[in-house]
> 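Below are the structure tokens for one structure; questions will follow.
Note that the structure is predicted; figures quoted are calculated from it, not measured. Remember, it's 1-based here, ligands and their atoms both numbered in the order they're listed.
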Amino acid sequence: MSVLSPATSSRKTELITNYNKVLESVRNASSLNKEEVKLIAVSKYKPAGDILALYEHGVRHFGENYVQELCAKAAQLPKDICWHFIGGLQSGKCKDLAKNIPNLFAVESIDSLKKCQKLENARNSVPDAKPIGIFLQINTSNESQKSGYLLQNLEEVYETVDFIKNAKYLNLIGLMTIGSVGESLGDGDTNKEFERLVSLKAELDAKYGSNLRLSMGMSNDFEQAIKQGSTQVRVGSKIFGSRPSKA
Ligand SMILES: *Cc1c(COP(=O)(O)O)cnc(C)c1O
């Protein structure tokens with residue numbers, strides 16, 4: 001296991017200042033909302049020392065996009081961190097996630113029944129395993145490069161929900177979507193994709209008697225998402241700074 005190098009004191013100050021600013025914006029945007037909005041700090045590509053600095057400031061919920069990177073960080077960092085896996089998930093990697101990370105809090109990028117089955121089976125062999133929270137990712141923009149259930153294939157969503165309800169190690173928490181760039185940068189008052197996620201939540205809540213959470217909103221659109229009813233935002237660059245672009 002590699003040794004964790006702590007953030008410098010100026011980096012710590014920067015991270016805490018950024019986090020506090022984002023948290024304040026989240027609170028301001030949600031002051032009229034009925035439910036508390038959770039802030040997930042998205043730490044992909046950022047060193048474990050950055051995460052530890054925020055952990056020491058009291059932050060517990062972090063989001064990561066890559067299975068290998070998450071497994072490495074989870075092994076080095078405190079075990080009461082609540083990890084959210086938010087990246088594109090290959091079926092073949094479900095086992096690694098469920099087995100290697102006892103403190104995996106949620107997988108937010110579930111887009112098939114098969115992945116739920118794989119998580120359930122692998123979690124079964126972890127001693128004292130806590131259930132994994134599941135968010136179903138919905139492709140609300142219908143973009144072919146995005147993953148997620150399509151709104152025209154709701155049968156697949158129902159099938160997955162039915163499986164999760166009977167699973168021992170999975171817990172349905174909510175729905176997740178990623179706003180498209182065009183929609184986030186537009187000057188319209190409502191983001192249509194967020195609106196679609198809100199309608200789907202209403203439909204599923206009516207069908208299942210649930211109160212699903214909505215994970216929507218990132219650095220550039222979290223305030224808009226909260227206005228439209230988001231109960232969880234995933235913020236990376238506004239907290240940790242820019243990331244290297246995907247080469
Ligand atoms: C990277 C990522 C984020 C955070 O993005 P920022 O724009 O840096 O806030 C949120 N959600 C998902 C699914 C991501 O991949």
> Can you check whether Glu69's main-chain N or O pairs, donor with acceptor, with Lys44's side chain at less than 3.5 Å?
no
> For Arg243, which part has a heavy atom under 4.0 Å from ligand 1: side chain, backbone, both, or neither?
side chain
> Would you say the side-chain atoms of Lys73 pair up with the backbone N or O of Cys71, donor to acceptor, closer than 3.5 Å?
no
> Should you measure from each heavy atom of Gly236, which atoms of ligand 1 turn up under 4.0 Å away?
4 (C), 6 (P), 8 (O), 9 (O)
> Between Ser230 and Ser215, is there a donor-acceptor pair closer than 3.5 Å when you use the side chain of the first and the backbone of the second?
no
> Which protein heavy atom lies closest to atom 5 (O) of ligand 1, and at what distance to 0.1 Å?
Met218 CE, 3.6 Å
> Validate the cation-pi geometry between Arg60 and Tyr55: distance from NZ or CZ to the six-membered ring centre under 6.0 Å, angle to the ring axis within 45°.
yes
> Any donor and acceptor pair, going by atom type alone, linking the side chain of Asp96 with main-chain N or O of Asn100 inside 3.5 Å?
no
> Considering non-hydrogen atoms of the protein only, which is the closest contact for atom 12 (C) of ligand 1, and what is the distance?
Ile86 CD1, 3.5 Å
> Out of Arg234, Glu64, Lys44, who is nearest to atom 14 (C) of ligand 1 when you count heavy atoms only?
Lys44
> Below 4.0 Å, non-hydrogen atoms only: which portion of Asn220 touches ligand 1? Side chain, backbone, both or neither.
neither
> Please could you name the atoms of ligand 1 that Asn65 approaches to less than 4.0 Å, counting only its heavy atoms?
14 (C), 15 (O)
> Using a 3.5 Å distance criterion without hydrogens, assess whether the side chain of Arg196 forms a donor-acceptor pair with backbone atoms of Thr140.
yes
> Verify side chain to side chain contact (heavy atoms under 4.5 Å, CB included) between Val42 and Val235, making sure each step is shown before the conclusion.
CA-CA 5 Å; Val42 176; Val235 178; 5.9 Å; no
> Return the option from Ala41, Ser219, Gly241 holding the heavy atom at the smallest distance from atom 6 (P) of ligand 1.
Ser219
> With heavy-atom distances below 4.0 Å as the criterion, list the atoms of ligand 1 near Val235.
9 (O)
